[in-house]
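Written out below as structure tokens is the structure these notes cover.
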Amino acid sequence: SAVISQKPSRDICQRGTSLTIQCQVDSQVTMMFWYRQQPGQSLTLIATANQGSEATYESGFVIDKFPISRPNLTFSTLTVSNMSPEDSSIYLCSVEDLAGGLNEQFFGPGTRLTVL
Amino acid sequence: SQKIEQNSEALNIQEGKTATLTCNYTNYSPAYLQWYRQDPGRGPVFLLLIRENEKEKRKERLKVTFDTTLKQSLFHITASQPADSATYLCALDDTGRRALTFGSGTRLQVQP
């Protein structure tokens, strides 16, 4: 199973600033995903991070607000740009592990973001 | 519109009993459905996956059923323990995108 780390684990930011969240996986994976979990809510997919090409964004999420990088098969970043209090959430990266023949996803511990 | 619905109210049961959680979906044609456990402040942890051509899957005290006619999955925890207390999320993959869409989750509280 893949082991995923995220940095930072939490942050408190001022309105109008940007924060870049890092996701590191201990093995090479094809599919990496970024999710958001707002307080008391379930997970919402932001985008699929594609290695070597632009990320694929879900409806309601745009690249200018959430630019994503995927420079190699073990690393990705998500930037939350021009933040507002509505961006306060937990941001999670996940990877798909097909090693066991399943499509299960492994999640990082999350980054808890508070925007003042 | 597409929906994945789980009981929004917390489920409280006594230790040793069987917990049954429900996941209903509409306007999806998933190739498989997954169940995850999430503890406060942590990311979801994979529990079980069941494919569209499978009726039932078991893993230790866990059992999942999948009825594609009813568009429903049931998740059972037998001989429940206080350590099973958590939020349980169902998730499915639609149209082969391999990204998951999650239900809102059901919080389970097992009383000693």
For this session: Answer yes or no: is there a donor N or O on one side and an acceptor on the other, between the side chain of A:Ser42 and the main chain of B:Gly103, under 3.5 Å?
Result: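 Yes, because the side chain of A:Ser42 sits within donor-acceptor range (under 3.5 Å) of the backbone of B:Gly103.
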Atom [atom1] of [X] with >12 non-hydrogen neighbours under 6.0 angstrom:
X	atom1	value
B:Arg61	CZ	yes
A:Glu54	CD	no
B:Glu60	CD	no

For this session: Report yes if the distance between the aromatic ring centroids of A:Phe107 and B:Tyr36 is under 6.0 Å, otherwise no.
Result: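 Between A:Phe107 and B:Tyr36, the centre distance is under 6.0 Å.
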Exercise. B:Gln38 versus chain A, heavy atoms under 4.5 Å apart: side chain, backbone, both or neither?
Worked result: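 Only the side chain of B:Gln38 comes within 4.5 Å of chain A.
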Pick one of side chain, backbone, both or neither for [X], based on which atoms fall under 4.5 Å of a heavy atom in chain B.
X	answer
A:Ile90	neither
A:Arg112	side chain
A:Phe106	neither
A:Gln6	neither

Exercise. Could you give the distance from OG1 (B:Thr101) to CD (A:Glu58), rounded to the nearest 0.5 Å?
Worked result: 7.5 Å
Seminar exercise, completed: Rounded to the nearest 0.5 Å, the CG atom of B:Leu100 sits from the CZ atom of A:Phe33 at a distance of 7.0 Å
Hphob cluster co-occupancy, [X] + [Y], side-chain heavy atoms under 4.5 angstrom:
X	Y	answer
A:Phe61	A:Trp34	yes
A:Met31	A:Tyr91	no
B:Leu47	B:Leu21	yes
B:Phe75	B:Tyr32	no
A:Val3	A:Ile21	no

Exercise. So which of A:Ile4, A:Leu92, A:Leu43 has the biggest tally of heavy-atom pairs under 4.5 Å with chain B?
Worked result: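 Answer, by heavy-atom pair count under 4.5 Å with chain B: A:Leu43.
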Problem set entry | For A:Gln105 against B:Phe46, the heavy-atom pair lying closest together | O-CB, 4.0 Å
